[in-house]
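So the structure is just underneath, and the comments pick up after that.
Letters A, B, ... are given to chains in the order of the sequence lines, protein chains preceding strands, and every chain is numbered from 1.
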Number of protein chains: 2
Amino acid sequence: MKELTIQQKKVLQCIKFYIKKTGFPPTRADICRELGFKSPNAAESHLRALEKKGYISIENGASRGINLTDNNSEKSETIPVIGLVAAGSPTLADENIEKHIPYQESLFLSDFDYFLRVKGLSMKDAGIMEDDLVAIKKTTDVRNGDIVVARIDDEVTLKYFQSSGKQIKLIPANDDYSEIDIDKDTEGFFIEGKSVGLIREN
Amino acid sequence: MKELTIQQKKVLQCIKFYIKKTGFPPTRADICRELGFKSPNAAESHLRALEKKGYISIENGASRGINLTDNNSEKSETIPVIGLVAAGSPTLADENIEKHIPYQESLFLSDFDYFLRVKGLSMKDAGIMEDDLVAIKKTTDVRNGDIVVARIDDEVTLKYFQSSGKQIKLIPANDDYSEIDIDKDTEGFFIEGKSVGLIREN
DNA sequence: ATTTTTACTGAATATATGTACAGTATAAAT
DNA sequence: ATTTATACTGTACATATATTCAGTAAAAAT
């Protein structure tokens, strides 16, 4: 399945919300209203892009003729919550799973694989506090400024990612912590994934 | 639930079948084609009968605006997202509702009534950043240390709550902002609710 | 360097669609 | 006995809606 852009994801999400809410798909104008577009053609082109990528099918000429394809049917799975411990890797091994919480497909703009329970305050200036649940998408495709889950041997941390060539900086959002400089090819160094959202249970 | 006639059952079945097949409800003409009627008004009257008996709801003026009622399909509720503007009150009036997102019962420890879209950084040291969605439970039962939605006339803010007797302090979590001292009985002062959770969409 | 994709605004239009109105006819309820 | 509900045909029409065309602009791919 081809990847969607952020805007396309928003439109797809909007369609799902609309159907859930009303029982029938939105018109182009409805999508514009929900997402703030001023031209129906904005919605139209996004729909055609979603169709091309296989996420929806469109019945030409039919009003509200949008059909979500089987693969993105709303499934209610559960997502594991993994404890981020000072030393220890966040694997999906059973002993590290704190609990499961119900999966809500459309909760964030991106899909994600697990929640990380935050320990410590190394990212407090980014608004990430102790015991927060950070939604992590498993990927190595990270960009400068992304908040990433990085592993160095057994040590796992949540930090800002900043790279220039082979040199990578893992930057905390807290003056009491110092940044980590590391070479991309250092043995035992991995990017486990990146943050795509956050939940605080209070 | 009122009993349906044989023809009404056929029409209801037809609607369900059509949605399962196409992903969206039928038009009057579609129903006519499926059931062999020669006038769209035949379908129309059946739909109005089904609506009257509570099996469907119809959104007037909307094409394919047929919604199977709860007994036919279980759907999750949605929770409104309200923009927190510098001056203006967070009411559930339509004009203030930014969008709706699906309700997940067990998302937070407490139930809640709406999400507040945070503007500004007055609570940044509490890990509440701009554009975060704070889950608000409508209540006046708040305790010291709670993060509350307080209104003073038209001004609505999110602050820490601290009271001693009749004297209430609304304390920001940001040194750039100053705290608000107010008397419990000041006219135009209300506690709208308190924060019970947070979502960051990234 | 050029094409393609993404991401829109804005206007125009054919047609898809809901819906009202005018009938006909039978069965059920009051 | 009269009203109401059921069950349609048939016509008409305003408007809801999909969709095309003409642009602009920036990013990504080739």
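- In terms of phosphate contacts, B:K52 brings no side-chain nitrogen or oxygen within less than 4.0 Å of OP1 or OP2 of D:dT6.
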Might you work through the salt bridge (Lys or Arg N to Asp or Glu O under 4.0 Å) test for B:R143 and B:D146, ending with a clear yes or no?
CA-CA 6 Å; B:R143 283 146 213 219; B:D146 280 353; 5.4 Å; no

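- Between B:K124 and A:D125 there is no salt bridge, since none of the side-chain N atoms of the basic residue sits less than 4.0 Å from a carboxylate O of the acidic one.
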Look for any protein N or O under 3.5 Å of an N or O in nucleotides 28-30 of chain C and output each such pair with its distance, or none.
none

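- Remark: C1' of D:dT6 and CG of B:L50 are 12 Å apart, rounded to the nearest angstrom.
- Between B:P25 and the choices B:I66, B:L47, B:I56, B:I58, the side-chain contact (heavy atoms from CB on, under 4.5 Å) rule is met once, by B:I66.
- For D:dT17, neither phosphate oxygen OP1 nor OP2 lies less than 4.0 angstrom from any side-chain nitrogen or oxygen of A:R28.
- A:D131 has no carboxylate O lying under 4.0 Å from a charged side-chain N of A:R200, or vice versa, which leaves the two without a salt bridge.
- For DNA chain C, the residues of residues 38-48 of chain B within the heavy-atom distance limit of 4.0 Å (strictly under) are B:P40, B:N41, B:E44, B:R48, sorted by number.
- Atom C1' of nucleotide D:dA5 and atom CD1 of B:I6 are separated by 15 Å, given to the nearest angstrom.
- The side chain of A:T27 lies closest to D:dT17, out of C:dT6, C:dC8, D:dT17.
- Proximity note for B:A49 (side chain, C-beta onward) versus D:dC8, D:dA18, D:dT6: the nearest is D:dT6.
- By the ring pair (Phe, Tyr, Trp, His ring centres under 6.0 Å) test, A:F161 pairs with no residue at all, sequence neighbours left out.
- Each of A:I66 and B:F37 was matched to the nucleotide of DNA chain D holding its nearest heavy atom; the match closer to the 5' end belongs to B:F37.
- The phosphate of C:dA7 (OP1 or OP2) has a side-chain N or O of A:T5 nearer than 4.0 angstrom.
- Look at CD on B:Q7: it is 14 Å from C1' on D:dA5, rounded to the nearest Å.
- Taking atom CZ on B:F24 and atom P on C:dG18, their separation rounds to 12 Å, with Å as the unit.
- Inter-residue side-chain proximity for A:V196 and A:I136 is flagged as unmet; no heavy-atom pair is nearer than 4.5 Å.
- Distance CD1 (A:I58) to P (D:dT17): 16 Å, rounded to an integer number of Å.
- The distance from atom NZ of B:K10 to atom P of D:dT6 is 16 Å, rounded to the nearest whole Å.
- Side chain of B:R64 to main chain of A:S63: a donor-acceptor pair is present (N/O by atom type, distance under 3.5 Å, no hydrogens or angles).
- If you run side-chain contact (heavy atoms from CB on, under 4.5 Å) between B:L158 and each of B:D132, B:I147, B:V148, only B:I147 comes through.
- A:A62 comes within 4.0 angstrom of sugar-phosphate atoms only, judged by non-hydrogen atoms across all strands, and of no base.
- For A:K9, the NZ atom is densely surrounded, since the number of other residues' heavy atoms within 6.0 Å is greater than 12.
- As rounded to whole Å, 12 Å separates atom P of D:dC8 from atom CD1 of B:I31.
- Heavy atoms of other residues, nucleotides or ligands lying less than 6.0 angstrom from CG of A:D175 number 12 at most.
- Atom CG of A:L35 is separated from atom P of C:dA7 by 12 Å (rounded to the nearest Å).
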